[in-house]
Peer 1: 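Take a look at the following structure, please.
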Amino acid sequence: MVKRSAILCAGAAFLGSALTACGGEQGDAPAPETHQPSGVTISAPKDAMATDRCSLLPAAAATELGLAPQGQEQADPLDPEAPSPCVWNSEDGRNRLSLTPLDGRSIQAYHDNKSKYVDFQELSVAGHPSVRANQGDPKQDGACDIFLATKEGQVLSAQAHVMDTSQDACGLAQKALEAAVPTLPASK
């Protein structure tokens, strides 16, 4: 009986971590805010909502990153109302990348809440203001979130998960954004 309970507990723990890996981290991000000027300059605004989510990362770029050429849109199992990401997996299933455009959210929300993140870094990715904002250590956790300001009041979220923590999850997320941004249509 003790052995069966241990197996059930281990299974529940695995399921919980799998659900978190599937998008639970975005729930930890600052809540969407109304469209307000952020004070962050975006010199070439793009509209990530104007294209199909699974077209955000070109197939050739996905393949170069060791991922399947085509992603699949997946609902957030923890919050069905949350925007659904497009997810790309490596062939062996050990690496995972999701891209999610978030309308009504400013990059300033992350700056204003940077004390909530263990790992916070301001970046410029593909010429756009971005932040690396993680509640844990990406090197230990094998997970990294980067948020890129596509235009005022919109960010493009990249979440990368790697099973082998000697790999750079933040590098995977950043390279995916660098490949995605040039393909986005200009904001109208």
Peer 1: Are Leu156 and Met49 connected, step by step, through hydrophobic side chains (Ile, Leu, Val, Met, Phe, Trp, Tyr) whose heavy atoms are closer than 4.5 Å?
Peer 2: no
Peer 1: Nearest 0.5 Å, please: how far is CD in Gln174 from CG in Leu148?
Peer 2: 9.5 Å
Peer 1: side-chain contact (heavy atoms from CB on, under 4.5 Å) for Gln74 and Ser84? Distances and angles first, verdict last.
Peer 2: CA-CA 6 Å; Gln74 295 181 357; Ser84 26; 6.0 Å; no
Peer 1: Would you please test Val181 and His128 for side-chain contact (heavy atoms from CB on, under 4.5 Å) and show each step?
Peer 2: CA-CA 9 Å; Val181 169; His128 286 254; 3.6 Å; yes
Peer 1: Mind checking what makes side chain to side chain donor-acceptor pair (under 3.5 Å) contact with Ser115, not counting sequence neighbours?
Peer 2: none
Peer 1: Heavy atoms only: give me the nearest Ala149-Val155 pair and the separation to one decimal.
Peer 2: CA-CG1, 4.3 Å
Peer 1: Could you report the tightest heavy-atom contact between Ser157 and Gln159, atom names first, then the distance?
Peer 2: OG-CG, 4.0 Å
Peer 1: What closest approach, in Å, do Gly71 and Trp88 show between heavy atoms, and which atom pair accounts for it?
Peer 2: N-NE1, 2.9 Å
Peer 1: Is it the case that one hydrophobic cluster holds both Leu99 and Leu123, taking links as side-chain heavy atoms less than 4.5 Å apart, direct or via other members?
Peer 2: yes
Peer 1: Which pairs pass disulfide (SG to SG under 2.5 Å) with one or both residues in residues 45-131, sequence neighbours excluded?
Peer 2: Cys54-Cys86
Peer 1: Does the side chain of Gln121 reach to within under 4.5 Å of the side chain of Val131, using non-hydrogen atoms?
Peer 2: no
Peer 1: Is the closest side-chain heavy-atom distance between Phe120 and His111 below 4.5 Å?
Peer 2: yes
Peer 1: Let me confirm one number: the OG-CE distance from Ser90 to Met163, rounded to the nearest 0.5 Å.
Peer 2: 9.5 Å
Peer 1: To the nearest 0.5 Å, what is the distance between CZ on Phe147 and CG on Leu177?
Peer 2: 10.0 Å
Peer 1: Which heavy atom of Ala158 sits nearest a heavy atom of Ala173, and at what distance?
Peer 2: CB-O, 3.8 Å
Peer 1: Give me each pair satisfying disulfide (SG to SG under 2.5 Å) with a member in residues 155-188, each pair once, sequence neighbours excluded.
Peer 2: Cys144-Cys170
Peer 1: Could you note down all residue pairs passing salt bridge (charged side-chain N to carboxylate O under 4.0 Å, His left out) where residues 117-127 supplies at least one of them, sequence neighbours left out?
Peer 2: Asp119-Arg132
Peer 1: So which atom in Ala143 and which in Asn134 form the shortest heavy-atom distance, rounded to 0.1 Å?
Peer 2: O-OD1, 4.1 Å
Peer 1: Return yes if some donor-acceptor pair links the side-chain N/O of Ser55 with the main-chain N/O of Thr51 below 3.5 Å, else return no.
Peer 2: no
Peer 1: Can you tell me how far apart CG (Asn95) and CG (Asn89) are? Round to the nearest 0.5 Å.
Peer 2: 9.0 Å
Peer 1: If I compare all heavy atoms of Gln135 with all of Val118, which pair ends up nearest, and what's the gap?
Peer 2: O-CG2, 3.1 Å
Peer 1: Less than 4.5 Å apart, any side-chain heavy atom of Leu57 and any of Leu97?
Peer 2: yes
Peer 1: Drop me the distance from Leu172's CG to Leu67's CG, to the nearest 0.5 angstrom.
Peer 2: 5.5 Å
Peer 1: Nearest 0.5 Å, please: how far is CD1 in Ile107 from CD in Gln154?
Peer 2: 11.5 Å
Peer 1: Restricting to pairs with a member in residues 172-188, which pass salt bridge (charged side-chain N to carboxylate O under 4.0 Å, His left out), not counting sequence neighbours?
Peer 2: none
Peer 1: Enumerate the salt bridge (charged side-chain N to carboxylate O under 4.0 Å, His left out) contacts for residues 43-63, please, sequence neighbours excluded, ordered by first and then second residue.
Peer 2: Asp47-Lys151, Arg53-Glu73
Peer 1: May I ask you to decide if Ser43's main-chain N or O and Thr41's side chain share a donor-acceptor pair within less than 3.5 Å?
Peer 2: no
